[in-house]
Amino acid sequence: MERSRWWHVAVVGIAVVLSALVALNNPTQFELIGGIGANAVFVIAWFLVGRHSPTSPAAATSFLIITIAVATIGTAMSPSMATIQCIGYPLIWVLSRQLRSAIIANIALATGVGVGLYISTDAVQALVIQGVSLTFSMALGLWITAMADRSSDRQRLLDELRSTQDRLAAVSRDAGIASERERLAREIHDTIAQDLTGLIMLIQRAQREVAAGREQSIAPQLALLEENARATLAETRALVAATSAVALDGGGIVEALERLGERFARETNVHVTVTATGSAALDRDTEVVLLRCAQEALANVRKHSGASSAVVTLAADSEQIRLDVVDDGAGFDLDSPAPGFGLGGMRDRLALVGGTLLLASSKQGTTLTATLPAGVSA
């Protein structure tokens, strides 16, 4: 709307100026009537047809034809009307939909005004003046068109870039959601699920004692049930609060592994030995990874191996940290698909910190080895 208003002002303004030029140039009656009449037709054509040009190609074409005709006839009647080119050329470049159409309209306007000047003045130099005007209009119009095309290309590239950024943001957001889901799945499996499995086994043991008439022997198991339930509740709260492992709150990784081994032995009657070598300092995130690996390894010992003893060994130096969990159980076939989420989740957890997981198993037992570089953060 604002742009159309300025075009209204420009068209009316140039018509008023042209009429003044015609009137101030000592015109004959024929020239005065012809010049003012041509300006009146130009203004009327703009308000009837031209103002619809930005949205209607047919209106634009019709108005440009009228403008060229007005310029030709008006200049033939009064040479002062040649000044209409000042607005005629810009209108052509603005209203033409194609470059070819704009060039043809420029040539037609220059030719029409040139012919009109020759008729009204009988001066050959008018043709030279029109040649210069046409050249200037073509050069300026082509330059502006090229700049507009470049601007359109830049705008298109910017739009594509914004669209790509939006898609990347959506992909990143989805990847973040998926990653967080995987992290929560690993944490739930390695903590709450394992603790609940231990609780179920303790309850089953207590039920067997009751069924056998040994109710007096279940008191230690009830105490262990309460202890494990409280530990499970604490791990659940820590997971909800997105804090570090509760088992690490009482000290470092060695103390956490010792408590884990002691608790595991009480739950399963499997003797667990924990040893640690090396004095490299470990950050809390690395300790969490090691603790989760040890929890999963012992959970597999409880569920699958039938072992009577297990050894947990932690070795750390300035280059790498290694956790070994060895049991004397029945072993398993390494080529068979691993059920559940445990081993896959452990590999994913280690991969996030550049670590690896190795398994060796035979009828004499299974060895699980988790290795990760020192100085990394999960």
Side-chain angles (χ1 to χ4, degrees), residues 186-187 189-195 197-198 224 227-228 230-239 242-302 305 307-329 342-343 345-347 349-360 365-378:
R186 286 194 299 269
E187 292 294 333
H189 178 275
D190 293 345
T191 57
I192 299 172
Q194 303 298 354
D195 291 340
T197 300
L224 186 56
E227 178 185 338
N228 288 359
R230 291 183 183 276
T232 303
L233 179 60
E235 286 287 1
T236 304
R237 287 172 174 169
L239 183 60
T243 55
S244 61
V246 173
L248 292 169
D249 291 343
I253 182 63
V254 177
E255 291 84 352
L257 291 175
E258 290 175 346
R259 288 193 296 271
L260 174 65
E262 178 185 356
R263 176 180 164 189
F264 184 80
R266 293 167 60 194
E267 292 176 358
T268 63
N269 292 324
V270 175
H271 179 69
V272 179
T273 303
V274 177
T275 61
T277 61
S279 58
L282 304 180
D283 61 74
R284 182 51 63 96
D285 290 335
T286 301
E287 290 181 336
V288 170
V289 172
L290 294 170
L291 178 61
R292 297 304 185 221
C293 289
Q295 288 172 328
E296 176 59 28
L298 289 178
N300 288 334
V301 171
R302 173 170 51 195
S305 71
S308 61
S309 65
V311 178
V312 179
T313 304
L314 177 66
D317 56 34
S318 59
E319 295 184 358
Q320 71 173 18
I321 304 102
R322 174 171 171 162
L323 176 72
D324 293 304
V325 180
V326 182
D327 68 68
D328 60 358
L343 292 178
M346 198 185 308
R347 286 193 176 93
R349 186 187 292 276
L350 288 166
L352 290 175
V353 293
T356 58
L357 177 68
L358 295 177
L359 289 171
T366 300
T367 299
L368 180 147
T369 301
T371 306
L372 62 156
V376 299
S377 180

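All of these numbers come straight from a predicted model, not from anything done at the bench.
Note: D285 CG to L352 CG = 11.5 Å, rounded to the nearest 0.5 Å. Within the model, atoms OG1 of T369 and CG of L357 stand 8.0 Å from one another, a figure rounded to the nearest 0.5 Å. For the atom pair I253 CD1 and D283 CG, the distance stands at 11.0 Å (nearest 0.5 Å). Once rounded to the nearest 0.5 Å, the distance linking CZ of R322 with CG of D317 reads 11.0 Å. Residue T371 holds its OG1 atom at 12.5 Å from CD of E319, rounded to the nearest 0.5 Å. For the atom pair N300 CG and L368 CG, the distance stands at 8.0 Å (nearest 0.5 Å).
The two residues F264 and V270 make their nearest non-hydrogen contact at CE2-CB, 3.9 Å. Scanning both residues, L257 and V274, for their nearest heavy atoms gives O-CG2, 3.6 Å. Looking at every heavy atom in both residues, G354 comes nearest to P373 through O-CD, 3.4 Å. Residues D327 and A307 approach most closely at CB-CB, 3.9 Å, considering heavy atoms.
The main-chain N or O of C293 is never found under 3.5 Å from a side-chain atom of E296 such that the two would form a donor-acceptor pair.
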Derivation and outcome, side chain to side chain contact (heavy atoms under 4.5 Å, CB included), residues T286 and V353: CA-CA 8 Å; T286 301; V353 293; over 6 Å; no
Intermediate values then yes/no, side chain to side chain contact (heavy atoms under 4.5 Å, CB included), L372 and L290: CA-CA 9 Å; L372 62 156; L290 294 170; 3.5 Å; yes
Residues L260, Q295; criterion side chain to side chain contact (heavy atoms under 4.5 Å, CB included); working and verdict: CA-CA 8 Å; L260 174 65; Q295 288 172 328; 3.8 Å; yes
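With sequence neighbours left out, S308 forms a side-chain hydrogen bond (donor to acceptor under 3.5 Å, both in side chains) with D328.
L323 has its side chain within reach of V312: a pair of non-hydrogen atoms, C-beta onward, lies under 4.5 Å apart.
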